[in-house]
Engineer: 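Sharing a structure, written as structure tokens. Questions coming.
Labels below follow one simple rule: chain letters A, B, ... track the order of the sequence lines, proteins then strands, and each chain is numbered from 1.
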Amino acid sequence: MIDIKAFREDPTRFRDGAAAKGMHVEFDRLTALDEQRRKLLSEIETKRAEQNRISKEIGPQMGKIKGQLKSAQGADRERLEAELAELEARPVKLKNEIAVSERMLNDIEPEWQAILLTVPQPPAHDVPRGAGSEDNVQMRTWNPKGFDASKPFAAQRGFAPKTHLELVRDLKLADFERGVKMSGTRHYVLTGMGMRLHQAVLRYAFDFMTQENGFSATGVPVIVKEECMVGTGFFPAGREQAYHIAESARGSGHDLYLTGTGEVGLMGLHADEILPLDALPLRYTTVSTCFRREAGAAGKDTAGLYRIHQFDKVEQVVVCEADDAQSRDWHKKMIGFVETILQRFELPYRLLQCCTGDLGVKNEDMIDIECWMPGRGDDGPDGRPTGAYGETHSASRLADYQCRRLNLRYRDGDGKIRHAFALNNTVLASPRILIPLLEIHQQADGSVRIPDVLRPHMGGLDRIG
RNA sequence: GGACAGGUGGCCGAGCGGCUGAAGGCGUCGGUUUGCUAAACCGAUAUACGGGAUUUCCCCGUAUCGCGGGUUCGAAUCCCGCCCUGUCCGCCA
């Protein structure tokens, strides 16, 4: 959420930001509602102050009269009753006026709030302007020894690569038919060495973050209340993307949602808290199952392990002081962690600076990491795919947007309370990462070599098949 | 799932219709005393929103005692609904 005061002072900044992101927001309506709201609030508060004053004044008088009334008779009694009625009537007009204003406030406040939640974080000044992913800017590429993603696979390795679908089928690593039988499209079953490899990469990534980088190992809920989804910025925009558990329809409790990333649980941890300065930066990592409806992605990446409804992900989250330099510094570090893993896995990848049009509502800067997947991309003359980069990681800087929604604050060196800055980045998502892993490390004989660092997690095996 | 009990400030805990943004204690911070530490003593110690100003932290107002609604001139205090926690019973991965 943006700071409404900042919006009042400089609405242009937010209008331009939304335009750069290609998002429509009812700014005019927001401004109008905000003005109305403030006016009503001010009215109500003034009247209520008056009402409180009167109450305080007449309270003791009324007590006294009521006391006298007990023993009063005849004309005396009538006089006292009249006095009492007069006192009681004094705040009635105010009370009615307040009720009217409050009703008006209650009418506009939900809409004011709803629009406010849709205003996106403006992009950072140095994020390239663009309409969508086609305008993202490649920053750099990395290739493992003996392989160059810019050249055809077969020319370098001496055989035509199989796609991960073929490898998975031949090596019996996954069973899509039975996955679909049980749960429908975009579901799968990991089998045998497929499941073991899945567990190995997750465990490797998780240990890497905790043991080598000092992140706190955390297990968080993947079933959360709506306020967690709103607080982390996934709702309202991403409502269609989340599985909804309609508990309220059963007559009790509140509805719940399945999280699409461990970020929700990790960021929700400290919602509504004021942290001491020395608690920062928070560095959390979790491994969690992620659920995504993939609404609107019909027909896209329908086969295989690329776009699925349920997967596991090691996520990293940092909450630091409200300082742009710190945020940028952590962003680089968090991307560096991913690069280290990919390099140890010997997977070719590239970094993309996402343009304004490819950013989400909540981030001001995003860098995607894409691994080279020989089985992706357009078909060549032989009718086989020629390979392409595919997104495996995404590193965002959110400034204070998320912490403001979550009401996550800290006390700075001057004792001032501020909303913290947040960042998040994938450490590793599987089974998607298995696609480049299998495809890049496949051998001429149809087996798949296991990178050195993963062998301890695979019972010492050096290959599959 | 059933039966009780209960949800008050950073924490413990009092209050059960106006004098209570809230006693007392602990903690924290500042100060005095002290050779140092400790102790003792003194003082301070919520947040949000709105308005104002001599706009860096000063004043005024409003709200907040789990959440929402109601009664009342006035609610932490009474009533209703919900959520949550504890204890016991049942069930169970």
Engineer: Using the P atom as the point on both nucleotides, what is the distance between rA23(B) and rA76(B), in whole Å?
Structural biologist: 15 Å
Engineer: In whole Å, what separates the P atom of rA44(B) from that of rG35(B)?
Structural biologist: 28 Å
Engineer: Would you call Arg48(A) and Glu102(A) a salt bridge, taking side-chain N to carboxylate O under 4.0 Å as the test?
Structural biologist: yes
Engineer: Can you tell me how far P of rU47(B) sits from CG of Leu275(A), to the nearest Å?
Structural biologist: 14 Å
Engineer: Could you state the CG-C1' distance from Asp255(A) to rC82(B), rounded to the nearest angstrom?
Structural biologist: 14 Å
Engineer: Ignoring backbone atoms, test whether Arg411(A) places a side-chain nitrogen or oxygen under 4.0 Å from the OP1 or OP2 oxygen of rU47(B).
Structural biologist: yes
Engineer: Take atom C1' in rA14(B) and the same atom in rG7(B), then report the distance between them in whole Å.
Structural biologist: 15 Å
Engineer: Would you say Met23(A) has more than 12 foreign heavy atoms packed within less than 6.0 Å of its CE?
Structural biologist: yes
Engineer: Can you confirm whether Arg169(A) is buried at CZ, in the sense that more than 12 heavy atoms of other residues, nucleotides or ligands lie under 6.0 Å from that atom?
Structural biologist: yes
Engineer: Do the charged groups of Glu111(A) and Arg29(A) touch, with an N to O distance under 4.0 Å?
Structural biologist: yes
Engineer: Taking both distances under 3.5 Å as the test for a Watson-Crick or G-U pair, what stems of at least three pairs does RNA chain B have?
Structural biologist: B:1-7 with B:83-89, B:10-12 with B:24-26, B:27-32 with B:40-45, B:46-52 with B:58-64, B:66-70 with B:78-82
Engineer: Contact class for Lys47(A) vs. all strands (heavy atom < 4.0 Å): base, sugar-phosphate, or nothing?
Structural biologist: nothing
Engineer: Measuring to OP1 and OP2 of rC83(B), would you say a side-chain N or O of Lys225(A) lies under 4.0 angstrom away?
Structural biologist: no
Engineer: Mind checking the P distance from rG9(B) to rA3(B)? Whole angstroms is fine.
Structural biologist: 29 Å
Engineer: Determine the Euclidean distance between corresponding P atoms of rC67(B) and rC29(B); express it in Å to zero decimal places.
Structural biologist: 30 Å
Engineer: For nucleotides rU33(B) and rC41(B), find the distance between their C1' atoms and express it as a whole number of Å.
Structural biologist: 8 Å
Engineer: Could you list the protein-to-nucleotides 61-64 of chain B atom pairs, N/O on both sides, closer than 3.5 Å?
Structural biologist:
unit_1  : atom_1 : unit_2   : atom_2 : d
rG61(B) : N2     : Glu45(A) : OE1    : 2.9
rG61(B) : N2     : Glu45(A) : OE2    : 3.4
rU62(B) : OP1    : Asn52(A) : ND2    : 3.4

Engineer: Could you tell me how far apart Glu109(A) (CD) and rG50(B) (P) are, to the nearest whole angstrom?
Structural biologist: 11 Å
Engineer: Measuring centre to centre across the rings, with the benzene-like ring taken for any Trp, is Phe311(A) within less than 6.0 Å of Phe291(A)?
Structural biologist: no
Engineer: If you count the non-hydrogen atoms of other residues, nucleotides and ligands that lie under 6.0 Å from CG in Leu277(A), is the total more than 12?
Structural biologist: yes
Engineer: I'd like the P distance from rC84(B) over to rC73(B), given in whole Å.
Structural biologist: 35 Å
Engineer: Output yes when Glu240(A) and Arg293(A) qualify as a salt bridge under the 4.0 Å nitrogen-oxygen rule, no when they do not.
Structural biologist: yes
Engineer: Do His309(A) and Tyr188(A) have their ring centres less than 6.0 Å from each other?
Structural biologist: no
Engineer: Look for any protein N or O under 3.5 Å of an N or O in nucleotides 51-58 of chain B and output each such pair with its distance, or none.
Structural biologist:
unit_1  : atom_1 : unit_2   : atom_2 : d
rG51(B) : OP1    : Arg38(A) : NH1    : 2.9

Engineer: Among rA46(B), rG50(B), rC73(B), which is the nearest nucleotide to the side chain of Gln51(A)?
Structural biologist: rC73(B)
Engineer: Starting at CG of Leu116(A) and ending at P of rC49(B), how long is that distance when rounded to a whole Å?
Structural biologist: 12 Å
Engineer: Charged N to carboxylate O under 4.0 angstrom, Arg8(A) versus Glu35(A)?
Structural biologist: no
Engineer: Going by heavy atoms in the side chains, are Ile435(A) and Thr392(A) under 4.5 Å from each other?
Structural biologist: no
Engineer: Calculate the interatomic distance between Arg418(A) atom CZ and rU47(B) atom C1'; express it in whole Å.
Structural biologist: 17 Å
Engineer: Phe234(A) and Tyr257(A): aromatic ring centres closer than 6.0 Å?
Structural biologist: no
Engineer: Checking the side chain of Asp400(A) only, and the main-chain atoms of Cys403(A) only, is there a donor and an acceptor separated by less than 3.5 Å?
Structural biologist: no
Engineer: How are the rings of Phe337(A) and Phe215(A) set to each other: parallel, tilted or perpendicular (split at 30° and 60°)?
Structural biologist: perpendicular
Engineer: Using heavy atoms to find the nearest nucleotide of RNA chain B for Asn106(A) and Ile274(A) separately, return the residue whose nucleotide is more 5′.
Structural biologist: Ile274(A)
Engineer: Quote, to the nearest angstrom, the P distance that separates rA22(B) from rC59(B).
Structural biologist: 15 Å
Engineer: Rounding to a whole Å, what distance do you find between Glu102(A):CD and rG69(B):C1'?
Structural biologist: 13 Å
